[in-house]
Amino acid sequence: MAAKPQTIIVGGGIGGCTAALALHNVGADVTIYESASVLAEIGAGINVQAVAIGVLSDLGIPVEAFHDPVQGDGILTSAVEYYTTDGIFIANEAVGLAAGSTHPQMSVHRAKFHNTLVAECRRLLGDDKFILNSKFISLDQDDSGVTLHFQASDSREPLPPVQCDFAIGADGLKSRVRAALLGDVEPRYTGRTIYRGLCEIDNLNKDGNTVSLCGDATKNFICYPISESRRREGKFHCNWGFCALRPHPGGQESWTHLASRADIRDELATMDESNFGGLTPLQIVEKTEKIIGWALFDRDPLDSFDFGAVTLLGDAAHPLLPYGSQGATQAIMDAEALGICYADAIEAGTGVQGCVKAYSEMRCEVSGKVVIANRDMGSTAVLKVVDEECKGMSREEKRSWCQEKGSELHDSVIQKYRAMMPKSVRPQRKT
């Protein structure tokens, strides 16, 4: 094996880009292969926890790159607040800098966040190390290394095989790398679909940096700002999501679909007492041009991420439900750990397999705990528990109950959720 192992990352999303940066930062020779032929600005908003922003800062991307209106345009999130379905305030919690963290929690458009990472990868690795239009098909692994097989995503023509010493599957929930290693097993449907959209609102919601939720055990609505430039103009570029119980969508082609307001209008109408930026959830949705429905799937945690000279990262390793702002956060934490384990293994002389073994020990059990914790709605369980506690109450009785016990219940639910989660302690190098 060469002194500097040739490393291939399959998937150029948030996790793949961060892994490339973390590995490059410790001297690895890294190339990213991405299936998209063009990196279009798709997706909606994401929340990224402060600990993950700290990782990216230490990898050389300053917070301002994600916050600057011209570049990342992200919001420095200040608080998360919870309401019942009928708009009664339950509790709120300061987050990020407002809670005393060294780094901010951020609410940002996924595409702008991703573009910032892609730009840094291309700057450090070179454009020739970020290869598009390459759909992973299969892999072979033997004592000489790993051979990866791709085809052109647009023409479906086979591409020349790529040989490397180290391969990382960072290709998402429907990971073909994972399927090549473990078999093509469909993930578990949760019984829920989340509808998402973006719209412009003329008024700020609270301070312009707040995440707001309302709902109960069967349905919940979340909205938050994702544009610092709009906030400075007194506007609310609103990312919203509505999660509700739905039957299995069928084949994989139906997991993500264009939806209509009619699909969710009646359920949203039950939330008309809630008001965010001067609009009810239904009014926010009615201002939205394009609504996408995502059927929510997850997988049982793996026993190991150790596959010799191949490993998995992010949703390919541990698909996460969209609760608690953990998806991008955990992928970034995986990437940091992988870089640390690589540096330690190369220095210790244990090579790629030593790196993979250490990475699996560092992240497999930890990320598995996050998967399990998020299955019970994560921190959103506050809404479910309040709904259960207030069954049969009139609105005024519920308001009085929430005034008296809402904050205490919130703290109890959040503490239970966090107790199920691994501590957000960043790993350190051994040497």
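Atom set for the values below is all heavy atoms of this structure, side chains included, hydrogens, waters and symmetry mates excluded. Note that the numbering runs from 1 along the sequence shown for the chain.
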Residue pair L282, F242: steps toward the side-chain contact (heavy atoms from CB on, under 4.5 Å) verdict:
CA-CA 10 Å; L282 180 55; F242 176 68; over 6 Å; no
Within the side chain of R363, is there an N or O that forms a donor-acceptor pair under 3.5 Å with the backbone of L313?
no
Steps toward side-chain contact (heavy atoms from CB on, under 4.5 Å) verdict (S107, N239):
CA-CA 9 Å; S107 302; N239 177 86; over 6 Å; no
Kindly indicate whether the side chain of N209, heavy atoms from C-beta on, has any atom under 4.5 Å from the side chain of P225.
no
Gap separating the CD1 atom of I53 from the CG atom of D58, nearest 0.5 angstrom:
11.5 Å
Short N-O contact, R375 and D300, less than 4.0 angstrom:
yes
Does any N or O in the side chain of D216 come within less than 3.5 Å of the main-chain N or O of K219, such that one atom is a donor and the other an acceptor?
yes
For E200, is there an ion pair with K235 - N to carboxylate O distance below 4.0 angstrom?
no
Heavy-atom side-chain contact between L39 and E34 under 4.5 Å
yes
Which distance, rounded to the nearest 0.5 Å, do you find between the CZ of R122 and the SG of C17?
9.0 Å
Nearest heavy-atom approach of K287 to L279 is CD-CD1, 3.3 Å
Just wondering, are more than 12 heavy atoms of other shown residues or ligands nearer than 6.0 Å to CZ in R156?
no
Can you give me the closest heavy-atom contact between C364 and D303, atom names plus distance?
SG-C, 3.6 Å
Whether the side chain of D171 engages the backbone of V177 through a donor-acceptor N/O pair (distance < 3.5 Å, no angle test) should be reported.
yes
Measure centre to centre between the rings of Y342 and H24, then say whether the value is under 6.0 Å.
no
Would you check if there is a donor-acceptor pair between the side chains of Q6 and D165 at a distance under 3.5 Å?
no
Quiz question: by atom type and distance under 3.5 Å, do the side chains of D140 and T147 form a donor-acceptor pair?
no
4.5 Å side-chain heavy-atom contact, Y82 and I414:
yes
Here the pair of heavy atoms bringing R110 nearest to G13 is NH2-CA, 4.1 Å
Atom pair CG (D263) and OG1 (T193), whose distance is rounded to the nearest 0.5 Å:
10.0 Å
Check whether the side chains of S304 and D306 place a donor and an acceptor atom closer than 3.5 Å, and report yes or no.
no
Under the side-chain contact (heavy atoms from CB on, under 4.5 Å) rule, what do L76 and M106 come out as? Steps first, then yes or no, please.
CA-CA 5 Å; L76 305 182; M106 298 201 72; 3.8 Å; yes
Test item: N374 side-chain N/O and L321 main-chain N/O as donor-acceptor pair under 3.5 Å:
yes
Shortest non-hydrogen contact between G72 and T116, atoms and distance
CA-OG1, 4.0 Å
Just verifying a value: how many Å separate T210 OG1 and F276 CZ, rounded to the nearest 0.5 Å?
11.0 Å
Any side-chain donor near an acceptor of the partner, D334 and H318, under 3.5 Å
yes
Is it the case that atom NZ in K357 sees more than 12 heavy atoms from other parts of the structure closer than 6.0 Å?
no
If you apply the rule side-chain contact (heavy atoms from CB on, under 4.5 Å), what do you find for V285 with F221, and how did you get there?
CA-CA 11 Å; V285 171; F221 181 86; 4.3 Å; yes
I want to check something: taking the side chain as every heavy atom from C-beta on, are L338 and L23 in contact at a cut-off of under 4.5 Å?
yes
Tell me, do H257 and Y195 make a side-chain contact under 4.5 Å, heavy atoms counted?
yes
Check the surroundings of atom CD in E64: do more than 12 heavy atoms from other residues, nucleotides or ligands lie under 6.0 Å from it?
yes
Say whether, by atom type as modelled, one donor and one acceptor occur between the side chain of Q330 and the main chain of L320 under 3.5 angstrom.
no
Keeping T311 on the side-chain end and V356 on the backbone end, is there a donor-acceptor pair under 3.5 Å?
no
CG of N205 to OG of S212: how many Å apart, nearest 0.5 Å?
4.0 Å
So, applying side chain to side chain contact (heavy atoms under 4.5 Å, CB included) with M333, which one of T18, V370, V55 is it?
V55
Which heavy-atom pair separates G314 from A331 by the least distance, and what is that distance?
CA-CB, 3.9 Å
Might you confirm whether atom CD of Q163 has over 12 heavy atoms from other residues, nucleotides or ligands at distances under 6.0 Å?
no
Judged by atom type as modelled, is there a donor-acceptor pair below 3.5 Å linking the side chain of N133 to the main-chain atoms of D154?
yes
Taking C-beta and beyond as the side chain, do Y33 and L148 meet within less than 4.5 Å on heavy atoms?
no
Short side-chain to backbone donor-acceptor contact, R261 and T288, under 3.5 Å:
yes
For the side chain of R176 and the backbone of S138, is there at least one donor-acceptor N/O pair under 3.5 Å apart?
no
Who pairs with E157 by side-chain contact (heavy atoms from CB on, under 4.5 Å), at least two apart in sequence or on another chain?
S155
Taking Y359 for its side chain and L312 for its backbone only, find out whether a donor-acceptor pair lies under 3.5 Å.
yes
Got a second to check how far L139's CG is from L181's CG, nearest 0.5 Å?
5.5 Å
In this structure, are over 12 heavy atoms from other groups packed under 6.0 Å from E365 atom CD?
no
D143, CG atom: more than 12 neighbouring heavy atoms under 6.0 Å:
no
Heavy-atom side-chain contact between T350 and C355 under 4.5 Å:
no
Are any of the side-chain heavy atoms of F66 and E228 separated by less than 4.5 Å?
no
Residues, nucleotides or ligands: over 12 heavy atoms within 6.0 Å of D128 CG
yes
Going by distance alone, is a donor N or O of one side chain under 3.5 Å from an acceptor N or O of the other, for S37 and S153?
no
Which pair of heavy atoms, one from A20 and one from I32, lies closest together, and at what distance?
CB-CD1, 3.6 Å
